[in-house]
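What follows is a single structure, written as structure tokens, with notes after it.
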There are 2 protein chains.
Amino acid sequence: METQLSPGDLDPPIRIAVIDDHPLLRDGIVAVLGTQPDLELVGTGEDGEAAVRIYREQRPDVMLLDLQMPNVDGVEAMTRILAEFPEARILVLTTYSGDGRATQAIKAGASGYLLKNSLRTELLDAIRSIHRGGTHFDRQVFGAADREAKRLTARESDVLELAAAGNSNKQIAARLSLSEDTVKGYMKAIFARLGAMDRTHAVAIAVRNGLIEL
Amino acid sequence: METQLSPGDLDPPIRIAVIDDHPLLRDGIVAVLGTQPDLELVGTGEDGEAAVRIYREQRPDVMLLDLQMPNVDGVEAMTRILAEFPEARILVLTTYSGDGRATQAIKAGASGYLLKNSLRTELLDAIRSIHRGGTHFDRQVFGAADREAKRLTARESDVLELAAAGNSNKQIAARLSLSEDTVKGYMKAIFARLGAMDRTHAVAIAVRNGLIEL
DNA sequence: GAACAATCCCCTCTTTCGGGGGGAATTGCC
DNA sequence: GGCAATTCCCCCCGAAAGAGGGGATTGTTC
């Protein structure tokens, strides 16, 4: 591949890796990328481990990374990659507009955030924007602006998960070896964080935001 | 080795329509179909209305249909199509292995059920199997076997959704113009159906089984 | 027309929840 | 060092929830 040939449109292609655990969706993205002459696919994978390995081997210009994956998840993989390659440019993909991990992903250093139900033009815009050194954060994900607060501490998650399983505060206290009052304290903190009316509402919000496992 | 007319294939291609609200996934499926000479794409759409319209216009041999879609959802679209074309062969796609609508879809007359994280070979097998008049039901979707019982009536869903939104029984009663006691009666029925300990547990179970919208 | 599911209503009783206060130890970070 | 966040604990109290009964009315299905 020659160098000095052209300005503008004959730049070297943007090298891209795609990590997602859904084969069909992965193929869809690959198909979209294939229609663009300025984009080159250099690797695909289906979990966080593959993401790290592929990044090391290929050093893609942009990595598309799903958040919800088996084994090593997206946030973890991204953290590892950025620790090793701080210049890495990662575009995070997710299914839910209210995914609680969005904030984590941003803090971990993602260059962009895109919903999976985006149009192909949005995907392409996001890739090129990020490659140019910009960012691309889907409005739907952060439009609400109150997403920041929707995060739970490990202990709060424990409490809320047990509540979701049908335990009373007393039972939760017994299970976690706490006093019932302490559990109540956590519940109060959870309501405040999530803006929930009661424990039932809190579980609904937490599930919608991917904060607890059912 | 070949018969008379067509330069290549013996049988006419299987005509397929793809309905899914995620453009990227849709493109992925289309891309997979494009690699198979015996399959022909005759239409795509992103909601239940489009599904019905495309079925009427194209009469595809097999329709791939997502369950969770805006406006008219998958089950509703399928019901309408099958009412008009009882011979229609529909392969239902879904994201979650525990989707409660799976049962509804089967009852409504789906010819097959497939998880979105299937491999492309599974998708192709399912399409061909269904076209031959067979069925294809992903084991992961129906493994649990106790899904049957996990169903709510329309009114129960209304009540539980309002509960999930943080409403008290009194508030739910006001919203639905019922007495508080009636709402309590529904809650009792919901607990019994779902095997839930309390309203919080019920919401968690209902969400996991795709019985309510958050 | 009997059986059934779904829908709706009413009562009492005890437990639980959640709001309102408060404090205190530990950690990490600037 | 200071300071914020996290984790943990305690009090009171009114309102809500849930368990236990009891019904009635529609439909549909067999």
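Protein chains get the first letters and strands the later ones, always in sequence-line order, with residue 1 at the start of each. These numbers come from a predicted model, not from an experiment.
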A:Arg128 and A:Asp38 ion-paired at < 4.0 Å =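 Salt bridge flag = yes for A:Asp38 with A:Arg128.
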Have a look at the helix from C:dG1-D:dC30 to C:dC30-D:dG1 and give the angle its two end axes make, five pairs each, rounded to 10 degrees.
->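 The end-segment axes of the helix from C:dG1-D:dC30 to C:dC30-D:dG1 are tilted 60° relative to each other.
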Is the closest side-chain heavy-atom distance between A:Val159 and A:Met187 below 4.5 Å?
->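 Result yes, sub-4.5 Å side-chain heavy-atom pair found.
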Validation row: A:Ile16, A:Val42 side chains within 4.5 angstrom (heavy atoms) |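 No; the side chains remain at least 4.5 Å from each other.
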Atom-pair distance ([atom1] on [X]; [atom2] on [N]), nearest Å:
X: B:Met187; N: C:dT16; atom1: CE; atom2: P; value: 17 Å
X: A:Met197; N: D:dA16; atom1: CE; atom2: P; value: 11 Å
X: A:Arg199; N: C:dG19; atom1: CZ; atom2: P; value: 11 Å
X: B:Glu156; N: C:dA5; atom1: CD; atom2: C1'; value: 11 Å
X: B:Asp198; N: D:dA16; atom1: CG; atom2: P; value: 17 Å
X: B:Leu162; N: D:dA17; atom1: CG; atom2: P; value: 13 Å
X: A:Asp158; N: D:dT6; atom1: CG; atom2: C1'; value: 13 Å
X: B:Leu176; N: C:dA6; atom1: CG; atom2: C1'; value: 15 Å

Could you walk me through whether B:Arg155 and B:Asp158 pass the salt bridge (Lys or Arg N to Asp or Glu O under 4.0 Å) check?
-> CA-CA 5 Å; B:Arg155 209 54 167 162; B:Asp158 293 341; 3.6 Å; yes
Where is the tightest heavy-atom contact between A:Asp61 and A:Pro13, given as atom of each residue plus distance?
->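 Heavy-atom minimum between the residues: OD2-O, 3.8 Å.
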Side-chain donor or acceptor of [X] paired with backbone N/O of [Y] under 3.5 Å:
X: B:Arg15; Y: B:Gln58; answer: yes
X: A:Glu84; Y: A:Ile81; answer: no
X: B:Asn167; Y: B:Leu162; answer: yes
X: A:Thr182; Y: A:Leu178; answer: no

Looking at [X], I'd like to know whether one of its side-chain N or O atoms comes within less than 4.0 Å of OP1 or OP2 on [N].
X: A:Asn169; N: C:dT16; value: no
X: A:Thr153; N: D:dA5; value: no
X: B:Arg193; N: C:dA6; value: yes

In terms of side-chain heavy atoms of B:Phe191, which of C:dT16, D:dG18, C:dG19 is nearest?
->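 That would be D:dG18.
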What string of B, S and - do you get for nucleotides 8-13 of chain C, 5' to 3', when a contact is any protein heavy atom under 4.0 Å?
-> SBBB--
